[in-house]
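Report on the structure given below.
Letters A, B, ... are given to chains in the order of the sequence lines, protein chains preceding strands, and every chain is numbered from 1.
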Amino acid sequence: MKRLTDILEQRISKAIGTVTGQDCPALVKVSADAKFGDYQANGVMAAAKKAKTNPRQLAEQIVAALDVSDICQPPEIAGPGFINLRLKEQFLANRLLEMNTDKQRLGIEKKQNPKTVVVDYSGPNIAKQMHVGHLRSTIIGDCIARLYEFEGHTVIRQNHIGDWGLQFGMLIAYIEFRSKLALEGKVVGVIPNSLSDSEEFYIEAKKLFDTDENFQERSREATLGLHSGDKTWLGRWELLVAHSKKHYQEIYKELNVTLTDKDVCGESFYADKLAEVVETLKQNNLAVESDDAMCVFPEGFQNKDGNPLPFIIQKTDGAFLYATTDLAALRFRIQELKADKVIYVTDARQAQHFQMLFAVVNMAGWTNDAIELMHVTFGTMLGEDNKPFKTRTGGTVKLKDLLEEAVQRATAVVEEKNPDLSAKQKTEIAKAVGIGAVKYADYSNNRNSDYIFSFDKMLAMEGNTAPYMQYAYARIKSIERKAAGKDVDVENELANIKTLTFTDDAEKDLAKMLIRYDQAIDAAASECRPNFLTGYLYDLAQSFSRFYNACPVLKADNADQRRLRLLLCELTARTIQHGMSELLGINVVEQM
RNA sequence: GCGCCCGUAGCUCAAUUGGAUAGAGCGUCGGUCUACGGAACCGAAGGUUAGGGGUUCGAAUCCCUUCGGGCGCGCCA
């Protein structure tokens with residue numbers, strides 16, 4: 001099923017071309033106001049300007065050259081030269097019937113020319129618990145990956161974990177140090193058995209590092225040993241990695257995030273490629289020594305003093321930096337993974353770093369115009385005091401704690417609203433609602449802005465929240481259950497519908513919303529903006545509520561009317577289910 | 001100092017990227033139910049889109065400028 005906006009765009013653009021002889025886009029959008037119809041073409045004014053003619057007259061000529069009679073009623077011209085379009089009921093009905101035949105994709109086609117898209121997101125550090133600072137990248141990135149995948153692209157997820165460098169040298173040196181203490185009977189436990197052990201060890205190690213020169217020295221040796229592949233050091237390090245992976249896979253599972261172990265490709269993976277990256281850049285005369293460090297100077301970047309800003313790829317002491325790793329990673333993604341598009345999902349503070357990274361990769365000739373490099377930024381998560389989100393005592397909020405609290409709060413709400421459900425159901429619902437609320441709140445905000453984290457707001461049943469969406473879904477499922485109780489076989493009734501007749505405006509309004517789902521997905525994917533999708537789903541749910549209020553389904557006037565209404569219910573449920581569950585990774589529930 | 005992001009209703013946020021009279025939710029006020037889950041629906045009030053200038057048929061959106069906020073800017077990631 002081809003996207004309606006694309007069909008209209010194509011036909012009207014063609015008509016503009018026929019009339020003016022110029023190539024001007026029709027700019028078809030959903031109408032701003034229902035009184036202007038369902039869709040509008042905004043491109044005539046610009047075309048008229050280009051052709052140096054009167055826009056209203058041009059609009060008339062275009063309409064005369066246009067045939068959309070299979071879709072719309074005769075187009076109207078309004079204002080300075082808008083072309084307004086009203087869908088025919090028959091067209092609307094046909095679209096619904098087509099959607100009905102495709103349970104998986106609601107009739108939405110895959111992209112004609114799929115690309116290989118690398119999405120880099122989440123990227124936690126090992127040996128530390130995930131905290132709120134990882135939340136936005138993890139879930140926004142996951143939505144982007146799901147969107148592209150649904151559109152038919154080949155998506156390669158990359159979890160670029162922080163698992164290399166001095167801090168881990170320090171930690172494995174501490175494991176060694178601790179084993180000596182253990183021999184003297186001063187501590188119990190030599191190796192960290194869990195991630196929380198690792199975290200404690202990390203704190204202890206840092207203390208020691210800051211106060212003990214010998215330990216500092218040993219940490220450097222450990223780092224070196226690790227980097228040169230020494231088995232003893234490597235073994236200790238692998239232990240840390242294993243605990244960490246287990247931890248964040250648990251979090252991903254809880255969050256319903258699609259990252260798996262095979263997507264992990266962190267700093268350590270690129271460690272042996274860094275020297276070669278630097279060497280290549282040196283040979284190309286792109287990397288030069290400056291203040292004893294190896295730097296590349298991409299054009300257009302300045303430091304505080306107005307001097308060229310370096311992209312430092314090797315420190316004075318010879319060590320490599322994250323810039324070096326990022327270069328190696330990006331080259332790998334382009335050359336080995338064959339990426340057509342690389343999307344980085346990190347916070348906005350790194351914008352300049354990525355601009356420079358892309359510039360350097362371009363200088364090196366590792367990329368070309370056909371490859372799209374994209375930094376998807378997002379703002380900071382703030383507490384209700386408008387300051388960066390912290391615990392009451394000012395500490396970092398652990399993701400695990402945050403999610404637990406969300407589920408706990410949701411449990412209380414379920415308990416209050418629907419105490420008669422089974423314990424098992426309540427648990428399932430609380431999880432879907434609690435975790436869903438956290439994710440949905442993030443998705444529904446424009447990712448560029450900072451956003452204020454509030455359990456009360458995200459768990460509210462009103463407004464654009466996960467619970468509202470889940471409620472809309474549950475109500476539809478409730479109707480279908482009731483139908484079964486009245487000997488109405490919904491599946492059978494919807495299986496062989498040939499014609500549909502609308503008898504109420506609320507039906508038509510809902511139908512028009514339903515057929516716009518493909519466009520919402522496209523907008524969300526192309527801009528990497530999940531809030532376009534949540535915005536659509538919310539509009540849909542509201543539209544359904546209006547319909548629900550106005551149009552009895554099971555007590556409809558006649559069989560035809562009931563069939564149409566059942567179909568609208570079912571398609572709405574499927575769309576909500578698909579959008580929430582498949583694209584946002586938020587579960588819906590039959591009852592709540 | 002330079003650069004990036006931001007400033008929209010009392011509050012929290014949208015606005016399909018330059019389109020028609022800037023929309024939601026919360027809060028406030030007023031309505032709707034013996035239909036299917038009231039966790040709902042309808043309506044009202046609330047705006048000089050921070051201020052000013054410009055571009056054009058048309059600006060919250062683009063350009064300039066002032067003010068206010070956040071974040072970057074040489075060996076952390």
Please state the [atom1] separation for the pair [N] and [M] - nearest whole angstrom.
N: B/C67; M: B/A77; atom1: P; answer: 37 Å
N: B/A50; M: B/C6; atom1: C1'; answer: 11 Å
N: B/U32; M: B/C13; atom1: P; answer: 35 Å
N: B/A22; M: B/U8; atom1: C1'; answer: 8 Å
N: B/U61; M: B/G51; atom1: P; answer: 11 Å
N: B/G10; M: B/A45; atom1: P; answer: 15 Å
N: B/A44; M: B/A60; atom1: P; answer: 23 Å
N: B/A40; M: B/C36; atom1: C1'; answer: 12 Å

ask   = If each of A/Thr380 and A/Phe320 is mapped to the nucleotide of RNA chain B with the nearest heavy atom, which maps nearer the 5' terminus, i.e. the 5' end?
value =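 Result: A/Thr380.
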
query = For A/Pro388 and A/Pro310, take the nucleotide of RNA chain B holding the closest heavy atom to each; which residue's nucleotide lies nearer the 5' end?
reply =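 Closest to the 5' end, via its nearest nucleotide, is A/Pro388.
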
With sugar-phosphate meaning primed atoms plus P, OP1 and OP2, does [X] contact a base, only sugar-phosphate, or nothing at under 4.0 Å between heavy atoms?
X: A/Ser478; value: base
X: A/Cys295; value: base
X: A/Ala32; value: sugar-phosphate
X: A/Asn84; value: base
X: A/Ala78; value: base
X: A/Met592; value: base
X: A/Lys555; value: sugar-phosphate
X: A/Tyr468; value: sugar-phosphate
X: A/Lys482; value: sugar-phosphate
X: A/Tyr538; value: sugar-phosphate
X: A/Asn446; value: sugar-phosphate
X: A/Asn445; value: sugar-phosphate
X: A/Gln591; value: base
X: A/Leu554; value: base

ask   = Under 30°, 30 to 60°, or over 60°: which ring-plane class applies to A/Tyr538 and A/Tyr468, parallel, tilted or perpendicular?
value =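 Ring orientation of A/Tyr538 relative to A/Tyr468: perpendicular.
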
Would you say a side-chain N or O of [X] is under 4.0 Å from OP1 or OP2 of [N]?
X: A/Arg447; N: B/C13; answer: no
X: A/Thr377; N: B/C71; answer: no
X: A/Arg475; N: B/C36; answer: no
X: A/Ser545; N: B/C41; answer: yes
X: A/Lys457; N: B/C26; answer: no
X: A/Asn531; N: B/A15; answer: yes
X: A/Lys49; N: B/G58; answer: no

G-U wobble or Watson-Crick pairing nucleotide for [N] (cut-off 3.5 Å, both distances):
N: B/A40; result: B/U32
N: B/C26; result: B/G10
N: B/G3; result: B/C71

query = Is there a side-chain hydrogen bond (donor to acceptor under 3.5 Å, both in side chains) between A/Ser444 and A/Thr534 once you walk through the steps?
reply = CA-CA 5 Å; A/Ser444 59; A/Thr534 57; 4.9 Å; no

query = Counting distance only, does the side-chain N/O of A/Ser449 pair as donor-acceptor with the main-chain N or O of A/Asn446 below 3.5 Å?
reply =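 Confirmed, A/Ser449 side chain pairs with A/Asn446 backbone.
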
key: Side chain A/Gln561, main chain A/Ala556, donor-acceptor under 3.5 Å   =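 Pair absent, no side-chain N/O of A/Gln561 close to backbone of A/Ala556.
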
ask   = Could you state the CZ-P distance from A/Phe36 to B/A20, rounded to the nearest angstrom?
value =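 Rounded to the whole Å, the gap is 8 Å.
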
inquiry  = Nearest whole Å is fine: how far is B/A77 C1' from A/Gln352 CD?
reply    =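 Nearest whole value for this atom pair: 15 Å.
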
task = Identify whether a stacking contact exists between A/Phe82 and B/A20, where the ring centres must be under 5.5 Å apart and the planes under 30° apart.
result =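 Check passed, A/Phe82 stacks on base of B/A20.
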
query = Stacking here means centres under 5.5 Å and planes under 30°; does A/Tyr548 stack on B/A40?
reply =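 According to the criterion (under 5.5 Å, under 30°), no, A/Tyr548 does not stack.
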
key: Steps toward salt bridge (charged side-chain N to carboxylate O under 4.0 Å, His left out) verdict (A/Asp522, A/Arg3)   = CA-CA 10 Å; A/Asp522 188 60; A/Arg3 233 190 337 264; 3.6 Å; yes

Does the base of [N] carry an N or O that pairs as donor and acceptor with the side chain of [X] under 3.5 Å?
X: A/Asp450; N: B/G70; value: no
X: A/Asn549; N: B/A35; value: no
X: A/Ser290; N: B/G74; value: yes
X: A/Thr316; N: B/C75; value: yes

ask   = Any luck finding a side-chain donor-acceptor pair between A/Tyr536 and A/Gln519 under 3.5 Å?
value =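 Side-chain D/A pair, A/Tyr536 to A/Gln519: absent.
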
request  = Scan side-chain atoms only and decide if A/Ser543 and A/Asp509 contain a donor-acceptor pair under the 3.5 Å cut-off.
outcome  =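 Result is no, nothing qualifies.
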
request  = Give a yes or no on this: more than 12 heavy atoms of other residues, nucleotides or ligands lie within 6.0 Å of atom CD of A/Glu491.
outcome  =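 Open: at most 12 neighbouring heavy atoms sit under 6.0 Å from CD of A/Glu491.
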
